[in-house]
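The next block holds one structure in the form of structure tokens; read it before the comments.
The figures here come from the full heavy-atom set of this structure, side chains too, leaving out hydrogens, waters and symmetry mates.
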Amino acid sequence: MVTSLHDWALTASEAIALQRKLAPRVILDDRLDDVRTIAGVDIGFEAAGEITRAAVVVLAWPSLECLEQHVHREPTRMPYVPGLLSFREVPAALSAFDMLQRRPELVMVDGQGIAHPRRLGVAAHLGLWLDLPTIGIAKSRLCGHYGEVPEARGEWTPLTHRGDTIGAVLRTRENVKPVFVSPGHRLGLPTAVDWVVRCLGRTKLPEPTRLADRLASRRGRVG
DNA sequence: GCGACAG
DNA sequence: ATCTTGTCGC
């Protein structure tokens, strides 16, 4: 079994085998403790991709006040391969988490949760490693099919793949493309959608992910 | 064999 | 993801 992230498989077939082995460990029952803080995670790149930049923020619930924000930078080791994103981003995300003074009760990640060909998107993978509830919020689809989403804020349609409901295509703002929400770890789809809606401000993305996104792409910090 | 393809 | 200015709309 893999004990260190730096021992992660480097070939595509090994990585896929590991995903198939880990996916069954993902828990979709709600096991959220009382939520007092919510973290947001996102990864950006510098120097034409040479440097990986992991950002993590922690917001208080329900005030959504930013309590912590950290950035971890390291040389990029893996290329982007659709379906294997977690191998590229999770190691850096974990290092950023090590900088936190608190352990959040919920984590929102930029990317898919179980809405993945092998049910192990970056949010699910990170949740497994952190042993914390995680939700994946992606700006576009990786796999699965869905119907047209009603225009009203908060409306959503199921995202299905090979007979499974793997996520929700959620309208977070009117006249704006919907986001793809999927459970990462330790919670189910209704709960995941619920938390995303509860963390919405006036923008398309929920606050945790929006702020982490800013930090990761160097567009500034939070007040 | 031919597309599709998170960030 | 990232490279990039102005511009349309609530």
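- Asn175(A) has its CG atom 13 Å from the C1' atom of dC8(C), to the nearest Å.
- In this structure, a donor-acceptor pair under 3.5 Å is absent between the side chains of Glu89(A) and Thr52(A).
- Checking Asp30(A) against Thr191(A) by side-chain atom types alone, a donor-acceptor pair falls below 3.5 Å.
- Rounded to whole angstrom, the span from the CG atom of Asp213(A) across to the C1' atom of dT2(C) amounts to 13 Å.
- In 5' to 3' order, the nucleotides of DNA chain B bounding all contacts with chain A (an atom under 4.0 Å from a heavy atom) are dA4(B) to dG7(B).
- Contact annotation for Ile51(A): no contact, since no heavy-atom pair falls under 4.0 Å across all strands.
- Backbone-only contact: Gly44(A) has heavy atoms under 4.0 Å from sugar-phosphate atoms and none from a base.
- Counting all heavy atoms, side chain and backbone alike, Leu59(A) lies closest to Cys66(A) at CD2-CA, 3.6 Å.
- Comparing Phe45(A) and Arg173(A) by the nucleotide of DNA chain C whose heavy atom lies nearest to each, the residue mapping closer to the 5' end is Phe45(A).
- Using a 4.0 Å heavy-atom cutoff across all strands shown, Glu46(A) reaches no nucleic acid atom at all.
- Residue-environment remark: CZ (Arg36(A)) stays at or below the threshold of 12 foreign heavy atoms within 6.0 Å.
- Of the inter-residue distances, the one linking Leu187(A) atom CG with Arg31(A) atom CZ reads 11.0 Å to the nearest 0.5 angstrom.
- If you run side-chain hydrogen bond (donor to acceptor under 3.5 Å, both in side chains) between Ser86(A) and each of His125(A), His116(A), Gln112(A), only His125(A) comes through.
- Among the heavy atoms of the strands lying under 4.0 Å from Tyr80(A) is at least one base atom, whether or not backbone atoms are also near.
- The residue Gly83(A) sits close to a base: some heavy atom pair falls under 4.0 Å.
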